[in-house]
Protein chains: 2
Amino acid sequence: MRASTESRRDRQRRELVAEIIAVACRQLDEGGPGNVSWRGVAREVGMNPASLYTYFASLDDLFTALITESFHALAGAVGQAFDDSAGAEPVDRLLACVRAYRAWAVAHPRRFNLIWTDQLPGYAAPPEGPTVTAEQAVYRPFLLAVGETEGRGDRLAEFAALPTGDQHRLLGLFGTLHGLVSLEINSHLAPGLVDGEALIVDRMTHALRHVHPPRDSSSAASPDQ
Amino acid sequence: MRASTESRRDRQRRELVAEIIAVACRQLDEGGPGNVSWRGVAREVGMNPASLYTYFASLDDLFTALITESFHALAGAVGQAFDDSAGAEPVDRLLACVRAYRAWAVAHPRRFNLIWTDQLPGYAAPPEGPTVTAEQAVYRPFLLAVGETEGRGDRLAEFAALPTGDQHRLLGLFGTLHGLVSLEINSHLAPGLVDGEALIVDRMTHALRHVHPPRDSSSAASPDQ
DNA sequence: ACCGTTCTCCGAACAGTGTTCGAACTTCGA
DNA sequence: TCGAAGTTCGAACACTGTTCGGAGAACGGT
């Protein structure tokens, strides 16, 4: 509608918010969450600490912005790998997403830890908030890729509507990827002894060969919990 | 040797160190790493903040103690499950360790995040330090239990000496467990929709059925990377 | 039992933090 | 043009981790 009627104040505000987030993001990458400080950000953008409160209500608010921003970046990296591998073998397409997930984590370990583990004292992500929708954007390419490997199209995209068995299979797959990446970027993979990328690709391809649901045999197993 | 010649100062020091760690541990459990403060601990044990420096060189030092302490607690919980299930079916024994690992994480999520993810600004665990040996104590019961399920005894206990294929299989197993537990305690498992314990036990039993090395069939597959 | 060394504890201080308040100043929409 | 809204700032408050110097107590050796 009135997209053209953006006052110079509105534009300046938008740019300043972006710069603040960028500065905070850099401080985060350099020294972790403990390194991003309100006064430090204000110093770097060249204004009084009190003025920052015009744009963010508190330090927790700034971190919330960093979290959603990082979720979007991760989702973008995985989504890009998914798009770029269109037409490839379904398994290779999923593996492309796997590599993209790991590559982003290796490149931005602080951001990765920030979005996946609770690090702030009293912080709790608001349900239906922007962080959860950004998080789901990360899962989406994986759901689509796995759906392709099983010839089920995008029938897995609506995770909440799936039967428990499918949910478990998908979460097991993603949990393996996430766990190994987590261990690697936090230096728990015997650095110098284990090759992270080789390990992750190896286990994910292995898991893909056995994760498919049983077609017809052994239907006597317990259907669910 | 001179174990009996413990001066009252030595005893008092030992007890005070234990109390300091206990207080800090409680503050950690209540509000995460950002909630444990030097002055807060001093306040709670009833002495001047400067006096604390008699027992710990810095806040990072205190956190190092918390990390090793938490590693020992986790290793103790898993080891206890391993010991208590002596004589049971090997698979059940491993599942007992799995449940113990998850149960401890659910009971102490802040400590779990503290030991597995880098959260302190400039902190780096000293190699050959007490934290890494405490960490290996966590892996040990799992290595022994998996060795049992494969009828290989404790031949997997010396992880670094294993061929790459075995290392990958073991890390894949532990990575799945660790990743799913991590997702659960950080509220990424669609709380109220997915049962964490059921999911983890389900995926670990599934993985155990397919993780064994190929005996004789399909030996034409690529042996290693 | 003494004495010198060592350890323990404390008050004060320094630099840094997140946040609030009130007052100036600028920009906006009508 | 005028009132309202938005922006910036300095000062202040209550914190934080850490250092320093001194006072007092407990220790080991003679």
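All values derive from a computational prediction rather than experimental measurement. Proteins come first, then strands; the chains are lettered A, B, ... in the order of their sequence lines, and each starts at number 1.
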Rounded to whole Å, CG of A:Asp61 lies from P of C:dT20 at a distance of 12 Å
Would you indicate whether the side-chain heavy atoms of B:Phe63 and B:Leu114 approach each other to under 4.5 Å?
-> yes
So does A:Arg39 reach the base of C:dG16 with its side chain, donor to acceptor, closer than 3.5 Å?
-> no
Aromatic plane relationship, A:His188 with B:Trp116 - under 30° parallel, 30 to 60° tilted, over 60° perpendicular | perpendicular
A:Arg140, CZ: over 12 other non-hydrogen atoms inside 6.0 angstrom | no
Should B:Val194 and A:Gln167 count as side-chain neighbours, where that means a heavy-atom distance under 4.5 Å?
-> yes
Quick note, A:Thr54 side chain, CB onward, closest among C:dT17, D:dT16, D:dT8 is D:dT8
With DNA chain C as reference, determine whether A:Arg43 or B:Tyr55 sits nearer its 5' end, using the nearest nucleotide of each.
-> B:Tyr55
Once you round it to whole Å, what is the distance between P of D:dG17 and CD1 of B:Ile20?
-> 14 Å
Nucleotide-resolved protein contact map, nucleotides 19-30 of chain D, B/S/- at heavy-atom distance under 4.0 Å = BB-----BS---
Please state whether the rings of A:Phe112 and A:Tyr101 are parallel, tilted or perpendicular, taking 30° and 60° as the class boundaries.
-> perpendicular
Whole-Å gap separating P (C:dT27) and CD (A:Gln12) | 8 Å
Taking atom P of D:dT7 as reference, at what distance in whole Å does atom CZ of A:Arg14 sit?
-> 14 Å
Do B:Arg110 and B:Glu30 meet the salt-bridge criterion of a basic N to acidic O distance under 4.0 Å?
-> no
Measure the distance from CG on A:Leu52 to C1' on D:dC9 and round it to the nearest whole Å.
-> 12 Å
Validation row: B:Leu156, B:Tyr139 side chains within 4.5 angstrom (heavy atoms) = no
Specify the separation, in whole Å, of atom CG of A:Leu59 and atom P of C:dT20.
-> 12 Å
Roughly how many Å is it from CZ in B:Phe56 to C1' in D:dT18, rounded to a whole number?
-> 16 Å
In whole angstroms, how far is the P atom of C:dG18 from the CD atom of A:Gln27?
-> 10 Å
Judged by nearest nucleotide, the residue sitting upstream toward the 5' end of DNA chain D, A:Ser51 or B:Trp38, is A:Ser51
